[in-house]
There are 2 protein chains.
Amino acid sequence: MMEVESQLFDCNKCAFKTISCHYIGDDEFEIIRQLSVQLQFEKGETIVKQGSKSTHLIFLHKGILKFTYHNQSGKNFIMTIVAGPKLLGGANLFFKNTNIFSLVAIEKCDICLIDERAFKNTLVKHGNYLLILFEKTIEMFQSSIFNFISLAHQQVNGRIADILIYLSEEVYKNQGYEFTLSRKEIAEFAACSHENVITTLSKLNKEGTITLVGKKIIINDLNKLKEISKRS
Amino acid sequence: MMEVESQLFDCNKCAFKTISCHYIGDDEFEIIRQLSVQLQFEKGETIVKQGSKSTHLIFLHKGILKFTYHNQSGKNFIMTIVAGPKLLGGANLFFKNTNIFSLVAIEKCDICLIDERAFKNTLVKHGNYLLILFEKTIEMFQSSIFNFISLAHQQVNGRIADILIYLSEEVYKNQGYEFTLSRKEIAEFAACSHENVITTLSKLNKEGTITLVGKKIIINDLNKLKEISKRS
DNA sequence: CCTTTAATATTAAATATTTCATATTTAATT
DNA sequence: AATTAAATATGAAATATTTAATATTAAAGG
């Protein structure tokens, strides 16, 4: 983690400020801003640790991170993967005083730690603002719920197909993308063994449905993936 | 579904009113109440249908219902099961204009349909009220997320053990309970075949960990169930 | 009361998945 | 450049799970 002397990004151009100031005054935002800290995390660094106390909301300004959960037996599990800009708070941090998930950077992440108390004070004064945040939070939940549904009644190749589609459409927003996730991480997302991921990806690669070159993946036949997802 | 002439339950003694009137005035609640309708649903009846438009929040006054999802291939899946009194809205109905899950009664349910618009109008005026509802909604999400986690990295017997514990602790609130769910429904909750459920329950019954008598189930050895959940 | 249907139960065969063993490639470190 | 560790890859054996076939029991309808 790197604390930043000069600002990482300009608060006046930040998406969080833009949304916020539709509902609250610049002066009110300034109070929140002054209690906020910008930080940068490298790939692999833990931003929030499962089990720790939650005292801040997190605005993911730029970058990609994963929500992870690990159980007593030491198994890791990826709940969802999100790309900035996005406010992370409702799920993990808002009301539970200990975090139920960890947040770990998958790519370099520019984030902003927002003091929860100052933020809540402002929120309760602006119902419409709170309503919008509520909505955004629910949306994020839904994206992970759809992964769970896929996971619950699809077989491994269908789940992996779904993950490839999700990453393409919601995270990297491109048909081809630099694949910063290891096979092991995809396994933690798809809830299967990493061998299974490797086998499935190799097969898709050989078929030509996707192309794997080094760390890069290109989805050649999106319909085929959707078909696999449907029928498995 | 039965529309009720005389009131099913007294609005003045309703838990929803009690919570609400900590934050809003009786006169404001009265406006919401007048736009609300009491309904009774029998076991098996669909209260809200996946895909339909959502125009109301639902307060589950009394009873037990399931959140279900069915995919294109016709497979059903139970997301979670909840017992009243509980406000259902944030997840399914609040912001999406079509419902992404169905709600189906597992036991006789007394519910109250609350006009969404009237409710929202009041909410935005009372930040603290909205914040509490936000919190309750997130809590409900979390309970289903823990089921998903169990589902994601446990084997079938561990998942079934978890479901038995969940039903005992969160839904029926008793070590023994009248089991209104069929084996098929447990299978839809545990995301496995119903044969698997039957085999697992029979085994637990023979071992003495649980006792099955007709529709009744008694958990004799909670620790054993928790152990199964841990090690699978 | 009889008939039909649905739910519960059990087993064997088929399939899916994980685990294990081992090899190769890639990346990181000295 | 050599060494080590990590990631990727593959196949066989072990295990878990589903499917299918069939029987029994309980519930529902005429």
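Quick note: numbers below take in every heavy atom, side chains included, and nothing from hydrogens, waters or symmetry partners. In the text below, chain A, chain B and the rest are named by the order of the sequence lines, each starting its count at 1.
A side-chain donor from one of A:S52 and A:N99 sits under 3.5 Å from a side-chain acceptor of the other. Checking B:D162 against B:S229 by side-chain atom types alone, a donor-acceptor pair falls below 3.5 Å. Side-chain contact of A:N220 with A:T211: a donor-acceptor pair under 3.5 Å is present, judged by distance alone.
Using a 4.0 Å cut-off between charged nitrogen and carboxylate oxygen, B:E170 and B:K86 do not count as a salt-bridge pair. Note on B:E178 versus B:K43: no salt bridge recorded, every NZ/NE/NH1/NH2 to OD/OE distance being 4.0 Å or above.
The 5' end of DNA chain C is approached more closely, in terms of each residue's nearest nucleotide, by B:E195 than by the other of B:E195 and A:A191. Residue order along DNA chain C, read from the 5' end via each residue's closest nucleotide, puts B:K184 first among B:T199 and B:K184.
Ring planes of B:Y166 and B:F189: perpendicular class, angle over 60° (limits at 30 and 60°).
Across all strands, B:S202 comes closer than 4.0 Å only to sugar-phosphate atoms, never to a base (heavy-atom distances). Residue-level contact check: B:K215 touches the backbone only, with heavy atoms under 4.0 Å from sugar-phosphate atoms and none from bases. Counting any heavy atom pair closer than 4.0 Å across all strands shown, B:S182 reaches sugar-phosphate atoms only and no base atom.
Neither OP1 nor OP2 of C:dT17 sits under 4.0 Å from any side-chain N or O of A:N196.
Of all nucleotides in DNA chain D having an atom under 4.0 Å from a heavy atom of chain B, the first and last in 5' to 3' order are D:dA16 to D:dA20.
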